[in-house]
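First listed ligand is number 1; within each ligand, the first listed atom is number 1.
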Amino acid sequence: MKENLAFMLLALEYSSLALPLCRPNPPVGCVIVHKGKVVAKGFTQSPGHHHAEIEAISKLTVPISECELFVTLEPCSFQGRTPSCARILAKMKPKHVYIAMKDPHPRNRGAGLSILKSAGVNYTLGIGEKDVNDFLSSYLQTS
Ligand SMILES: [Zn+2]
């Protein structure tokens with residue numbers, strides 16, 4: 001859907017605000033949509049602080065079960081300096097998660113998607129992938 005691409009491109013635009021403070025984490029953006037309207041946005045905070053998804057969720061004032069999340073990168077599957085975003089989403093159960101691209105990080109690579117799937121959280125992968133990849137790829141850890 002055209003609208004969904006527009007929401008993802010908005011998340012992409014917002015993600016650039018994460019730089020430079022998010023480093024060495026990748027600059028990820030998240031937009032939360034409720035009944036067709038953007039109700040919260042987030043981007044990767046400095047290390048040890050919220051990732052994009054959790055930053056956006058922290059600003060929500062409507063039930064997340066009624067919301068769609070648009071996030072530029074696969075939610076992290078592992079606990080680093082912060083808890084795993086995929087596990088948090090698995091617990092909170094948003095209505096749908098749109099993800100632009102898989103995270104090539106050796107500790108993610110689809111593991112975040114598996115966590116969502118096992119929890120019964122519906123997601124769509126690949127929306128806006130080319131645009132997101134053009135911006136994000138050079139910041140991603142691949143080995
Ligand atoms: Zn995360």
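- Within 6.0 Å of CD in Gln79 there are more than 12 heavy atoms belonging to other residues, nucleotides or ligands.
- Within the protein, the N, O or S atoms lying under 2.8 Å from the Zn ion (ligand 1) are His51 ND1, Cys76 SG, Cys85 SG.
- Judged as a side chain to side chain donor-acceptor pair (under 3.5 Å), and not counting sequence neighbours, Ser114 has no contacts.
- Evaluation of the salt bridge (charged side-chain N to carboxylate O under 4.0 Å, His left out) test over residues 47-69, restricted to residues two or more places apart or in two chains, returns Glu55-Lys59.
- The aromatic rings of Phe70 and Phe7 lie tilted to each other, with the angle between the two planes from 30° to 60°.
- Looking at residues two or more places apart in sequence or on another chain, you find a salt bridge (charged side-chain N to carboxylate O under 4.0 Å, His left out) between Lys130 and Asp134.
- In summary, the side chains of Thr82 and His50 do not present any donor paired with an acceptor at a separation below 3.5 Å, with no hydrogens or angles considered.
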